[in-house]
Colleague: 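The following block contains the structure, expressed as structure tokens.
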Amino acid sequence: MSDTTSTATDFALSASHITRRYGAVVALADASMQLRRGEVMGLVGDNGAGKSTFLKILSGAVIPDGGDIVVGGSPVSFRRPSDALEAGIETVYQDLALVDTMSAVQNVYLGREELSKNPFLRLLNVVNDGGMRKRSREVLTELGVGIQSVNVSVKGMSGGQRQCLAIARALLWGRQIVILDEPTAALGVRESAQVLELIGRLRDHGVSVILVSHNMQQLVQVADRVTVMRLGRTIATRDVADITPEGIVGLITGAIPADVSTPEDSATIVH
Ligand SMILES: Nc1ncnc2c1ncn2[C@@H]1O[C@H](COP(=O)(O)OP(=O)(O)OP(=O)(O)O)[C@@H](O)[C@H]1O
Ligand SMILES: [Mg+2]
């Protein structure tokens, strides 16, 4: 599908015709997405449709075989996750990389500790503990994340609090784009609601979000648009205001025709 009214620079991220094989398996046959600034884009599809592979390519964890990615108007070619981080894309995986024995503040700053402002202490690699604690508290308060203290270890935190903490970390470090792969899959109703609310707040901060979810009810609550994948292809994009959860499921299963012709469609056409 071509977009004739907008150019790539209007988008936070634009991915076109991405392909990726694993041996004989075609994980991505042709995946495209235009992510607007400050929108939540849902990404849906059946198991094995290629959602996680697409996200991993956008986060630099997997290198595509073909296709183009433009971030903030500039073409990019990610070879490793740090390339995507540098371009302002932060990814929160379902199995969060939080360290149990560390505190909330240590987790927020994991691997990116701020050095002390004192030039002599900086030479000794002494970190700016007070500054990091203050900034962590500010971000968590700004986002409305209820954590009693940023100094206690995350071991005792609930799944929802941990997910919120990881998203807060994303906001602190990657302000433009946040990628979330099934963030509520392991959470209960209340905790899921908390995470969804937090995603809304990210959007309020002007962050663009890509959200993979199998829960259509949740998705329509929080997403502005939804992109549907089938067999490694992005087959339709809809405004959430124009579609019901049942309509999305219809696009996923093929009960509702796709915007692009797919191999299964052409196989069923008999002349
Ligand atoms: N590292 C890999 N090696 C081989 N095949 C892979 C690899 N990663 C993904 N695949 C294959 O690529 C296809 C797409 O997988 P992917 O994980 O992207 O799907 P998904 O849409 O995220 O599915 P789910 O909803 O189950 O998470 C599947 O057929 C999968 O088996
Ligand atoms: Mg997946």
Colleague: Assess whether a salt bridge exists between Arg203 and Asp224, defined as any Lys/Arg side-chain N lying under 4.0 Å from an Asp/Glu carboxylate O.
Modeller: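 Salt bridge present between Arg203 and Asp224.
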
Colleague: Just jot down the side-chain contact (heavy atoms from CB on, under 4.5 Å) partners of Pro245, sequence neighbours excluded, or say none.
Modeller: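 With sequence neighbours excluded, Pro245 shows a side-chain contact (heavy atoms from CB on, under 4.5 Å) to Met216, Gln217, Val220, given in chain and number order.
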
Colleague: Identify the residue among Leu251, Leu28, Ile252 that makes a side-chain contact (heavy atoms from CB on, under 4.5 Å) with Met229.
Modeller: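 Result: among Leu251, Leu28, Ile252, Leu28 is the only option passing the side-chain contact (heavy atoms from CB on, under 4.5 Å) with Met229.
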
Colleague: Identify, with sequence neighbours excluded, every residue that meets side chain to side chain donor-acceptor pair (under 3.5 Å) alongside Thr91.
Modeller: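 Residues passing side chain to side chain donor-acceptor pair (under 3.5 Å) with Thr91: none at all.
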
Colleague: With Thr227, which residues qualify under side-chain contact (heavy atoms from CB on, under 4.5 Å), at least two apart?
Modeller: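 If we apply the side-chain contact (heavy atoms from CB on, under 4.5 Å) test to Thr227, skipping adjacent residues, the hits are Met33, Met41, Leu43, Thr234, Thr237.
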
Colleague: Which pairs, with at least one residue in residues 57-85 and sequence neighbours excluded, count as a salt bridge (charged side-chain N to carboxylate O under 4.0 Å, His left out)?
Modeller: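 Listed once each, the pairs are Arg80-Asp83.
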
Colleague: Search all heavy atoms of Pro81 against all heavy atoms of Ala61 and return the closest pair with its distance.
Modeller: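 Of all heavy-atom pairs spanning Pro81 and Ala61, the closest is CG-CA, 4.1 Å.
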
Colleague: Nearest 0.5 Å please: distance from the CD1 atom of Ile256 over to the CD1 atom of Ile243.
Modeller: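 If we round to the nearest 0.5 Å, Ile256:CD1 and Ile243:CD1 are 6.0 Å apart.
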
Colleague: Quiz question: by atom type and distance under 3.5 Å, do the side chains of Ser208 and Glu39 form a donor-acceptor pair?
Modeller: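 No.
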
Colleague: What closest approach, in Å, do Gly45 and His214 show between heavy atoms, and which atom pair accounts for it?
Modeller: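 In this case the closest contact between Gly45 and His214 is O-CE1, 3.4 Å.
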
Colleague: Locate the shortest heavy-atom distance separating Arg230 from Gly254; write the atom from each residue and the value.
Modeller: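 Smallest interatomic distance, heavy atoms only, reads NH2-CA, 3.3 Å.
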
Colleague: Indicate the atoms forming the closest heavy-atom contact of Leu231 with Ala29, along with that distance.
Modeller: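 Distance-wise, the nearest heavy atoms are O-CB, 4.3 Å.
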
Colleague: Kindly compute the distance separating CG (Leu198) from CG (Leu180), expressed to the nearest 0.5 Å.
Modeller: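 Those atoms lie 9.0 Å apart.
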
Colleague: Measure the CG-CD1 distance between Leu58 and Ile210 for me, rounded to the nearest 0.5 Å.
Modeller: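 The CG atom of Leu58 sits 5.0 Å away from the CD1 atom of Ile210.
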
Colleague: Are Ile18 and Tyr22 connected into the same hydrophobic cluster when the rule is that any two of I, L, V, M, F, W, Y join if their side-chain heavy atoms are below 4.5 Å apart?
Modeller: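 In one cluster with Tyr22: Ile18, yes.
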
Colleague: Going by side chain to side chain donor-acceptor pair (under 3.5 Å), name the residues that satisfy it together with Glu86, two or more places apart in sequence or in a different chain.
Modeller: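 Partners of Glu86 under the side chain to side chain donor-acceptor pair (under 3.5 Å) test: none.
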
Colleague: Nearest heavy-atom pair of Ser192 and Thr184: which atoms, and what distance?
Modeller: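 Looking at all heavy atoms of both residues, the shortest contact is OG-CB, 3.6 Å.
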
Colleague: Can you sort out the partners of Arg20 under salt bridge (charged side-chain N to carboxylate O under 4.0 Å, His left out), two or more places apart, ordered by chain and number?
Modeller: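 Counting only residues at least two positions away or on another chain, Arg20 forms no salt bridge (charged side-chain N to carboxylate O under 4.0 Å, His left out).
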
Colleague: Which heavy atom in Pro183 sits nearest to a heavy atom in Val212, and how many Å separate them?
Modeller: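 The pair with the smallest heavy-atom distance is CD-O, 3.7 Å.
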
Colleague: Could you tell me whether the side chain of Ser213 and the main chain of Leu219 form a donor-acceptor pair under 3.5 Å?
Modeller: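 Answer holds: no.
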
Colleague: Do you reckon Ile235 sits in the same ILVMFWY cluster as Val26, going by side-chain contacts under 4.5 Å, direct or chained?
Modeller: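 The answer is no; the residues belong to distinct hydrophobic clusters.
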
Colleague: Taking side chain to side chain donor-acceptor pair (under 3.5 Å) as the definition, give me every residue that meets it alongside Ser59, ordered by chain and number, with sequence neighbours left out.
Modeller: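 By the side chain to side chain donor-acceptor pair (under 3.5 Å) rule, Ser59 matches Tyr93.
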
Colleague: Listed by chain and number, what are the side chain to side chain donor-acceptor pair (under 3.5 Å) partners of Gln221, not counting sequence neighbours?
Modeller: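 Applying side chain to side chain donor-acceptor pair (under 3.5 Å) to Gln221 gives none.
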
Colleague: Rounded at 0.5 Å granularity, tell me how far CD1 in Ile177 sits from CZ in Arg37.
Modeller: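 Going from the CD1 atom of Ile177 to the CZ atom of Arg37 covers 8.5 Å.
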
Colleague: When you measure from the side chain of Arg238 to the backbone N and O of Thr244, does any donor-acceptor pair fall under 3.5 Å?
Modeller: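 No; judged by distance alone, with no hydrogens or angles, the pair does not exist.
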
Colleague: Sequence neighbours left out, what pairs pass side chain to side chain donor-acceptor pair (under 3.5 Å) with at least one residue falling in residues 40-57?
Modeller: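 Listed once each, the pairs are Ser52-Asp181.
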
Colleague: In chain order, what residues pass the side-chain contact (heavy atoms from CB on, under 4.5 Å) check against Val76, with sequence neighbours excluded?
Modeller: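 Checked Val76 against side-chain contact (heavy atoms from CB on, under 4.5 Å); matches are Ile69, Val71, Phe78.
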
